[in-house]
Novice: 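Quick one: the structure is below, questions incoming.
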Amino acid sequence: MSKTGHIFTAKKAFLAVLLLAGFALLVLAPKTAVNVDEQLHYPHAKRVVNWYFTGGEDQSCLHTPQTNLKYYGQSVDNFTALFNRVFNVKDEFLVRHYTGAVFFWLLLFFSGLLAREITGSWLMATVSILSLIFMPRLAGQAFGNLKDIPFATGYVAGLLMSVRFLKELPSPRWRTAILLGSAIAFTVSVRSGGFILFAYLALGMIAFFVWKPFYLKQVVTTKPVFVRLLGQGTIILIIGYFAGQIFWPFALQNILVHPLESLNVMSHYKVSIRQVFDGQMMWSTQLPWYYLPKWMLISTPMFVLTGFLFFLCFFSVEIFFKKHFSQQAFFEAFILFSLLFPFFYVIVIDSNLYSGVRQMLFILPPLAILAVWGVFRLVKFVEMKNRKTSYVLSLFFLVLLGWPAKHQAATFPVDYVYFNVLAGGNEKAWGNYEYDYYFHGLKEPAEYVLELAGSENAIVAMNCNLSNYFDDHPNIRYQYSRFLERSSFDWDYGIFGVNYIDPELLKNELWQPADIIKTFYQKGNPVAVVVKRTSKDDFLGISEVNKGNFETGVELLEKAVKKDSNNVWLFVNLAKAKLAEGSMTEFEVYLNKGKEIFPRFEPFFLLEATRFYEEGKYVESFQKLNALFEINPRYLPAKELLEKVKEKLG
């Protein structure tokens, strides 16, 4: 086959993969799960749209002291809210998921073009797209994550146009400048971190002119070239900065200050979320510096990790040993910088990261592109030594590339929960790392409960905010409940995901409630259980204790604990009742029984500290509170007692 024929064939493959990916995304969109962030960002998006419709009278989108959502541009979320409002769409989340599919497809498209721009190969572009499709942590969030996926799309589009702009120096086309400004504007409109693309362009230009000073001389000495480049830079800045704020009410309040304030807030995000990491429960603000590196190592497909390692080897040899710095190497370095700078920056500034690599999804496309290029160069290197060996190597990497597809097909829509062999696979990661943090695994249980309940009036408790599954069912009432505190609420059916449950309970199989009627699994690991409550003695007993009717409450709770012996919350309330009655011997009995199940449970420490305080043993009370805050420094119920103890101790 001629070289021209090969190019056309590779380009057709590129277009074919995009076409098939688009079709698959459209088919899968209606089958995806709603994630917990959608129930947070979408209501805010509705308030943003209402701010425009009311001419700024509805100020609710500007007052978000708990969630800090005003600092997000979240333009794609806002677009779906606008679309649903204008066209009076009933299935609002379906629109969101189709929108997510579109932006993931655009991410594939721009990533493919960027790979082609860097390597000059349509084959590399095609394989780069496939590497993103078979990247579960990325592709598994294609539908409901309308922040990180669109941000990654804008980021890659910005890199693509930056590379083209740099290639066209010293006289880039106006079309390139306008498209670059638009890419930056869109990225900023999703999240203020998009401003980093300005810095990339500036650094890229400085590096380019240092590398090729004769181009700088041409710019400085040729007035038309200088004026043109200055004008294009101004256009990029104006479009990129100001157009990104059009659909962002908080930014519009002060267009020169608020976007930069948002960037600072997002870089040092204060909202802390409890996470399971390395087999321990900790707050995201406590996570070690290696949180992101380790998550990248254990959740990225081995094809990408291996390919990137070979890329670094070939790149290092080219630059440091052969001392050869070509145009190819320059743009490889540019993409490498766009990957490594954010990675190391968030570590250096100690950013508040959580939910695995979710907040850093935008660096995965550059990583995949360089990985594919690394594999290609390795195969070419081996081919020069032994052609047959290169065929075997190509087959090996082809299998490695598509290996995650088996996981994706078997686990959809919980396919984003993926761990590679370095983590021991999903089987070993369960209980050691945050698992289904988006609660995708609750979609099937919710559908199961709806079928089970039929037309009967029922209260369904969940340990997440996914009430949307019951919006069209007036006979179902949703009740939020923390998992361990489920007995404090009135409900008939419980749907509980394993997320945010302490590893100590998970690994020792002490977390399962009584009356489980079905457990739902992912890769052999439980992700959710459905419970049908056959007795409300636990709820009634706690209610009586809270009313001060201790004798009745204890009687009911003792009946409940015989049935649900691992329900640690029942022992907390039994101990609480006995403490209130002054029955210290029985208090100790219930306390110790509860601690046998979960010795690190915070309420037990608070009860002990309360007992010591009431007995006037303030030092002992203070010591118990210190032990409590070592386990959970953000345990708010203990704050009041801590202040009292400190006052007594002077």
Side-chain angles (χ1 to χ4, degrees), residues 1-18 20-21 108-109 111-135 156 159-160 163 167 297 300-340 364-406 420-422:
M1 183 183 291
S2 68
K3 186 176 180 180
T4 304
H6 174 75
I7 291 172
F8 279 117
T9 302
K11 188 172 183 179
K12 286 179 180 178
F14 171 78
L15 296 173
V17 169
L18 281 176
L20 289 172
L108 298 178
F109 175 67
S111 298
L113 292 183
L114 179 59
R116 169 71 171 80
E117 200 73 41
I118 297 299
T119 66
S121 167
W122 285 110
L123 177 60
M124 293 302 97
T126 305
V127 179
S128 294
I129 291 176
L130 291 172
S131 70
L132 297 179
I133 292 173
F134 299 136
M135 192 180 288
V156 172
L159 293 178
L160 170 65
V163 168
K167 280 187 173 183
L297 281 175
T300 305
M302 293 306 298
F303 172 86
V304 175
L305 291 178
T306 307
F308 181 65
L309 183 62
F310 281 113
F311 166 79
L312 289 179
C313 291
F314 284 109
F315 182 79
S316 299
V317 168
E318 192 79 10
I319 302 301
F320 300 111
F321 293 97
K322 294 184 178 180
K323 308 291 185 182
H324 179 62
F325 195 74
S326 61
Q327 178 171 299
Q328 173 71 32
F330 177 85
F331 288 108
E332 287 176 8
F334 183 78
I335 300 304
L336 182 61
F337 182 82
S338 74
L339 160 65
L340 296 182
L364 294 183
L367 174 64
I369 291 168
L370 295 179
V372 170
W373 190 226
V375 170
F376 178 78
R377 293 175 74 170
L378 174 66
V379 171
K380 284 295 181 183
F381 176 78
V382 172
E383 185 180 29
M384 290 188 296
K385 307 290 183 180
N386 188 309
R387 183 178 291 271
K388 290 183 179 180
T389 303
S390 73
Y391 293 154
V392 174
L393 190 63
S394 298
L395 181 61
F396 168 76
F397 276 110
L398 187 62
V399 171
L400 204 60
L401 170 68
W403 191 256
K406 180 182 178 182
N420 62 31
V421 294
L422 297 180

Novice: Give a yes or no on this: more than 12 heavy atoms of other residues, nucleotides or ligands lie within 6.0 Å of atom CZ of F325.
Specialist: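 Result for CZ/F325: enclosed.
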Novice: Measuring from atom CD1 of I369 to atom CG of L132, what distance do you get when rounded to the nearest 0.5 angstrom?
Specialist: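 Taking CD1 in I369 and CG in L132, the distance rounds to 7.0 Å.
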Novice: Please report the interatomic distance NZ(K11) to OG(S121), rounded to the nearest 0.5 Å.
Specialist: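 Taking NZ in K11 and OG in S121, the distance rounds to 13.0 Å.
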Novice: Do the side chain of N420 and the main chain of P301 share a donor and acceptor less than 3.5 angstrom apart?
Specialist: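 Between the backbone of P301 and the side chain of N420 there is no qualifying donor-acceptor contact (under 3.5 Å).
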Novice: Check whether any side-chain heavy atom of L336 lies under 4.5 Å from a side-chain heavy atom of F308, and answer yes or no.
Specialist: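 Result yes, sub-4.5 Å side-chain heavy-atom pair found.
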Novice: Run the salt bridge (charged side-chain N to carboxylate O under 4.0 Å, His left out) check on E332 and R377 step by step: do they pass?
Specialist: CA-CA 13 Å; E332 287 176 8; R377 293 175 74 170; 3.4 Å; yes
Novice: Could you tell me whether the side chain of S338 reaches within less than 4.5 Å of the side chain of P366, counting heavy atoms only?
Specialist: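 Yes; the side chains approach each other to less than 4.5 Å.
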Novice: In terms of ring plane angle, is the pair F14 and F109 parallel, tilted or perpendicular, where the classes change at 30° and 60°?
Specialist: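 Tilted.
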Novice: What's the separation between atom CG in L378 and atom CG in L309, rounded to the nearest 0.5 Å?
Specialist: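 If we round to the nearest 0.5 Å, L378:CG and L309:CG are 10.0 Å apart.
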Novice: How about V375 and F311: do any of their side-chain heavy atoms sit closer than 4.5 Å?
Specialist: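 Side-chain contact under 4.5 Å: no.
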Novice: To the closest 0.5 Å, what do you measure between CZ (F337) and CG (L339)?
Specialist: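 Between F337 CZ and L339 CG, I get 11.0 Å after rounding to 0.5 Å.
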Novice: Within the 4.5 Å heavy-atom criterion, are W122 and T9 side-chain neighbours or not?
Specialist: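 The answer is no, as the side chains (C-beta and beyond) never meet within the 4.5 Å cut-off.
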Novice: Give a yes or no answer on whether the side chain of Q328 reaches the backbone of I118 with a donor-acceptor pair at less than 3.5 Å.
Specialist: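 Flag set: sc Q328 to bb I118 pair under 3.5 Å.
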Novice: W373 versus M124: any side-chain heavy-atom pair under 4.5 Å?
Specialist: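 Yes; the side chains approach each other to less than 4.5 Å.
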Novice: Do I335 and L114 come close enough that some side-chain heavy atom pair is under 4.5 Å?
Specialist: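 With C-beta onward as the side chain, the pair touches.
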Novice: What I'd like to find out is whether the side chain of L364 reaches to under 4.5 Å of the side chain of V304, using heavy atoms alone.
Specialist: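 No, side chains not in contact.
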Novice: Find the distance between CG (L130) and CE (M135) and round it off to the nearest 0.5 Å.
Specialist: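 CE of M135 is found 11.5 Å from CG of L130.
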Novice: Are side-chain heavy atoms of F314 and F381 found at a separation under 4.5 Å?
Specialist: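 The answer is yes; the side chains approach within 4.5 Å.
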Novice: Should the heavy atoms of other residues, nucleotides or ligands under 6.0 Å from NZ of K167 be counted, would the total exceed 12?
Specialist: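 Count over threshold, so yes.
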Novice: Return the minimal non-hydrogen interatomic distance between A125 and G112, and the atom names on each side.
Specialist: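 Looking at all heavy atoms of both residues, the shortest contact is CB-O, 3.1 Å.
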Novice: Give the table of side-chain donor-acceptor pairs shorter than 3.5 Å for residues 388-402, with sequence neighbours excluded, one pair per line with atom names and distance.
Specialist:
unit_1: T389; atom_1: OG1; unit_2: N386; atom_2: OD1; d: 3.3
unit_1: S390; atom_1: OG; unit_2: R387; atom_2: O; d: 2.5
unit_1: S394; atom_1: OG; unit_2: S390; atom_2: O; d: 2.8

Novice: Where is the tightest heavy-atom contact between L123 and A10, given as atom of each residue plus distance?
Specialist: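 Shortest heavy-atom contact: N-CB, 3.8 Å.
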